[in-house]
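Structure record follows, encoded as structure tokens.
Proteins come first, then strands; the chains are lettered A, B, ... in the order of their sequence lines, and each starts at number 1.
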Amino acid sequence: MRMSRLLSQTLREAPSDAEIASHQLLIRAGYIKQLAAGIFTAMPLAKRSLTKIENIMRDEMNKIDGQEMSMPVVHPAEIWQATGRWGKVGPEMGRFQDRNGREMVLAMTHEEAVVDIIKDEIQSYRQLPMMIYHIQTKWRDDPRPRAGLIRVREFTMKDSYSLDRDWAGLDLQYANHYQAYFNIFARCKLPVIAVESDVGMMGGNMAHEYMYLTPVGEDTLLICDECGYSANRQIAELQKEKAGEEKQKKLKKVATPDAKTIVGLAEYLKIPEHKTAKAVFMMAAIQDQEGDKEKLVFAIVRGDMDLNETKLLNAVGAKALRPAEESEIAASGAVPGYASPVGLKNIMVVVDDLIPESTNLVAGANEEGFHFMNVNYGRDFVADVVADIVAARDGDACSKCGSPMKALRGVEVGNIFKLGTWYSEAVGATFQDSDGKEKPVVMGSYGIGSGRLLASVAEEYNDKYGLMMPITIAPYEVHLVELVGGKGDSEKVHLAAEKLYQDLIQEGVEVLFDDRDESPGVKFNDADLIGIPLRLTVGHRALQEGGIEIKIRHESEKKVIPLDKVVEIVTEIIQDLYAGVEDNLDTVEFK
RNA sequence: CGGGGUGUGGCGCAGUUGGUAGCGCGCCGCGUUUGGGACGCGGAGGUCGACGGUUCAAGUCCGUCCACCCCGACCA
């Protein structure tokens, strides 16, 4: 490709609304352009990288017997109503009506489309196992898109779906994906770790997320260096240290003026925070036969711990949670700041599983300015649900081995879910098994966003001059710069560059040829910015000695190589660069 | 949805007590220059986010709305 014909312009300055490195550089280098919040155009450079990423995904999917297809972006509401997600998913789902007033959905994922197909197509166990995938646009109307391509509303995703006759089959396909995903990220040179995650709106009973660790990530993970346990904070388990057992003491009401917070309370009463009970009120949207209902939930954790809303949501089977307003709390008879489960009725009480083992806690008295001392679970109050609902924090003990865990930030670049039979049962996607019985297809679903992957790689590989794309996904393999003008013989330089351009193309090398009438500084800076791994410079200086200059983007050394050896040397270096990435695929132990 | 911020040419920005819009980069033409974002001269390009109000006069003051960014809530 001749740069004089390339649709994209490098920018000397980044747009002021780009903050993180990958966003700024992808825009400055002319890869992407924003159209609206969370909606981007992939310019020719980005499109080439994305195509390469997608081809890597294709290759790895095909290796585990995936069949590529293409499912529609626009769905009739009926298929989403059939699984119940039409009502279950909120404003994040794009909906519109067609000209006849039919409700339509912009696909945010494709489980519905899959089960709609397989309920007709899959009739016998003889057709299973099967794995299908496609690379398709999704729309998720995220409340807050951010960080360039990391978190967008419209995006392209490779999503695959495994279909099996039983759970053992699913386990196998899940494990296949677990490895294939590591291969995909390794081939894109992105370091990732797999962590256990919440199943979220996908349903199902096991899920892993592939996380690229970076401070700009928006997910928090807990990781145990000792035993390797790793999980999203949303579900991370922890060992809770019990306070020493005490004999239950008599319930006592004490005046605690202005002690509305745990810190204030502990200070006022001169007791440690772990001797208090923290009350958190949430409004839970719970779905029953008649539709959604909001219900006040009173959650109690020990005073020195934090509530984990995802755990609470799962514990009460809610669709969504939001903090309760003071008026909603007051309506239940509780007093904000002095709230207590003692003596409350008609409210769902959820306590952390550590509370029943904690004796003589201080809790509110549901009376302005007063707390109860020596509150004990079972004797003074009971809960509707006892479950683990506290958030794991940096330094908390690992649930598996007890060592302190670290909290780190990461970007979720892929995920895999064991869906089970939830979707297939919902629509009657069954097959006849060898025993003659009708059984629902056992499913898994697996996704990687290609744009987020590109942005993560850009975030990982850059320096103050620009991007440094790994060869496997760089838009081009070689950036050829011709330096004409000046005292040298421009015609000779240009002819040499032109010939080299043609020769390299002949060899199948992907070349971006900077044939523009620009000064050397401009060309070098643009080359650094765009970040193609190998740069060749044809100028009169080296040409007088019968050579051209070669430089690898991530190395500082420049070398002059003889003109008649250029093609040979370049193809060799390119091969080495590929080998450096692709020969490093590790077999990962499934955890 | 809560908190904070920003909207002026493609990008980055300035614009005074209200007086009819400017700078740098980029773009076009001519010339000089040519191995790390050169220089001179001459140009093109703006309904100042939108609507309404105040005023003789609004980029500037007032009101309403919209868009975009950041933090949080939320999220595969």
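In this structure, CZ of A:Arg151 is placed 14 Å from C1' of B:C69, rounded to the nearest angstrom. Going from atom CD of A:Gln24 over to atom P of B:C70 covers 11 Å, rounded to whole Å. Rounded to an integer number of Å, the gap from A:Ile39 CD1 to B:A67 C1' is 12 Å. Atoms CE (A:Met93) and C1' (B:C74) sit 16 Å apart, rounded to a whole Å. One atom, CD of A:Glu13, and another, C1' of B:C13, lie 8 Å apart when rounded to the nearest Å. We find that CD of A:Glu19 is positioned 15 Å from C1' of B:G12, with the value rounded to whole Å. Between the CG atom of A:Asp142 and the C1' atom of B:G72 there is a distance of 13 Å, given to the nearest Å. Distance A:Asp517 CG to B:G29 P: 10 Å, rounded to the nearest Å.
Checking B:C61 for Watson-Crick or G-U wobble geometry (two distances, each under 3.5 Å) identifies B:G53 as its partner. Pairing of B:G31, defined by two Watson-Crick or G-U wobble distances under 3.5 Å, is identified with B:C39. Searching all strands for a Watson-Crick or G-U wobble partner of B:C1 with both distances below 3.5 Å returns B:G72.
Distance check on atom C1': B:G36 versus B:G72 gives 44 Å, rounded to whole Å. Rounded to the nearest Å, the gap between the C1' atom of B:A73 and that of B:G2 is 8 Å. Atom P of B:G42 sits at a distance of 35 Å from the matching atom of B:C61, rounded to the whole Å. Separation of the P atoms belonging to B:G12 and B:U6 is 15 Å when rounded to the nearest angstrom. Comparing the P positions of B:G59 and B:U16 gives an interatomic distance of 12 Å, to the nearest angstrom. Distance check on atom P: B:G4 versus B:G40 gives 46 Å, rounded to whole Å. The P atoms of B:C71 and B:G10 are separated by 28 Å, rounded to the nearest whole Å. Using C1' as the reference atom, B:G46 and B:C13 are 15 Å apart when rounded to the nearest Å.
A:Pro143 comes within 4.0 angstrom of a nucleotide base, judged by non-hydrogen atoms across all strands. Here A:Ala527 lies out of heavy-atom contact (under 4.0 Å) with every strand. A:Pro91 comes within 4.0 angstrom of nothing in the nucleic acid, heavy atoms only. Nucleic acid contact class of A:Phe155 (heavy atoms, under 4.0 Å, all strands): base.
With A:Trp86 as the aromatic partner, A:Arg95 meets the cation-pi criteria of under 6.0 angstrom to the ring centre and within 45 degrees of the ring axis.
A centroid separation of 6.0 Å or more is found between the aromatic rings of A:Phe417 and A:Tyr446. Taking the six-membered ring for Trp and the full ring otherwise, the centers of A:His208 and A:Tyr174 sit less than 6.0 Å from each other.
Using a 4.0 Å cut-off between a side-chain N of Lys or Arg and a carboxylate O of Asp or Glu, A:Arg28 and A:Glu13 do not qualify as a salt bridge. A salt bridge does not link A:Asp352 to A:Lys311: none of the charged side-chain nitrogens sits closer than 4.0 Å to a carboxylate oxygen. A:Glu112 has a carboxylate O that lies under 4.0 Å from a charged side-chain N of A:Arg85, or vice versa, which qualifies the two as a salt bridge. Ion pair A:Glu54/A:Lys158 not flagged as a salt bridge, since none of the NZ, NE, NH1 or NH2 atoms sits closer than 4.0 Å to an Asp/Glu carboxylate oxygen. A salt bridge does not link A:Arg535 to A:Asp514: none of the charged nitrogens lies less than 4.0 Å from a carboxylate oxygen.
Between A:Ser16 and B:U6 there is no side-chain polar atom (N or O) within less than 4.0 angstrom of OP1 or OP2. Within the structure, a side-chain polar atom (N or O) of A:Arg144 is placed less than 4.0 Å from OP1 or OP2 of B:C71. Contact between the side-chain N/O atoms of A:Gln34 and the OP1/OP2 oxygens of B:C69 is found at a separation under 4.0 Å.
Judged by atom type and distance alone, A:Arg153 does not reach the base of B:C75 through any side-chain donor-acceptor pair under 3.5 Å.
Judged by closest nucleotide on RNA chain B, A:Lys33 is the one of A:Lys33 and A:Asp17 placed further toward the 5' end.
Using a distance-only test at 3.5 Å, with no hydrogens or angles considered, a donor-acceptor pair links the side chain of A:Gln136 to the main chain of A:Met71.
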Polar atoms only, N or O, under 3.5 Å: list the protein pairs with nucleotides 35-41 of chain B and their distances.
unit_1: B:G35; atom_1: O2'; unit_2: A:Arg541; atom_2: NH1; d: 3.4
unit_1: B:G35; atom_1: O2'; unit_2: A:Arg541; atom_2: NH2; d: 2.2
unit_1: B:G35; atom_1: N1; unit_2: A:Glu549; atom_2: OE1; d: 3.4
unit_1: B:G35; atom_1: N2; unit_2: A:Glu549; atom_2: OE1; d: 2.1
unit_1: B:G35; atom_1: N2; unit_2: A:Glu549; atom_2: OE2; d: 2.9
unit_1: B:G36; atom_1: O6; unit_2: A:Arg535; atom_2: NH1; d: 2.9
unit_1: B:G36; atom_1: O6; unit_2: A:Arg535; atom_2: NH2; d: 2.9
unit_1: B:G36; atom_1: N1; unit_2: A:Asp528; atom_2: OD2; d: 3.1
unit_1: B:G36; atom_1: N2; unit_2: A:Asn525; atom_2: OD1; d: 3.4
unit_1: B:G36; atom_1: N2; unit_2: A:Asp528; atom_2: OD2; d: 2.2
unit_1: B:G37; atom_1: O4'; unit_2: A:Asn525; atom_2: ND2; d: 3.1
unit_1: B:G37; atom_1: O2'; unit_2: A:Arg12; atom_2: NH1; d: 2.6
unit_1: B:G37; atom_1: O2'; unit_2: A:Arg12; atom_2: NH2; d: 3.1
unit_1: B:G37; atom_1: O6; unit_2: A:Arg28; atom_2: NH2; d: 3.3
unit_1: B:G37; atom_1: N1; unit_2: A:Asp526; atom_2: OD1; d: 3.2
unit_1: B:G37; atom_1: N2; unit_2: A:Asp526; atom_2: OD1; d: 3.2
unit_1: B:A38; atom_1: OP2; unit_2: A:Ser519; atom_2: OG; d: 3.3

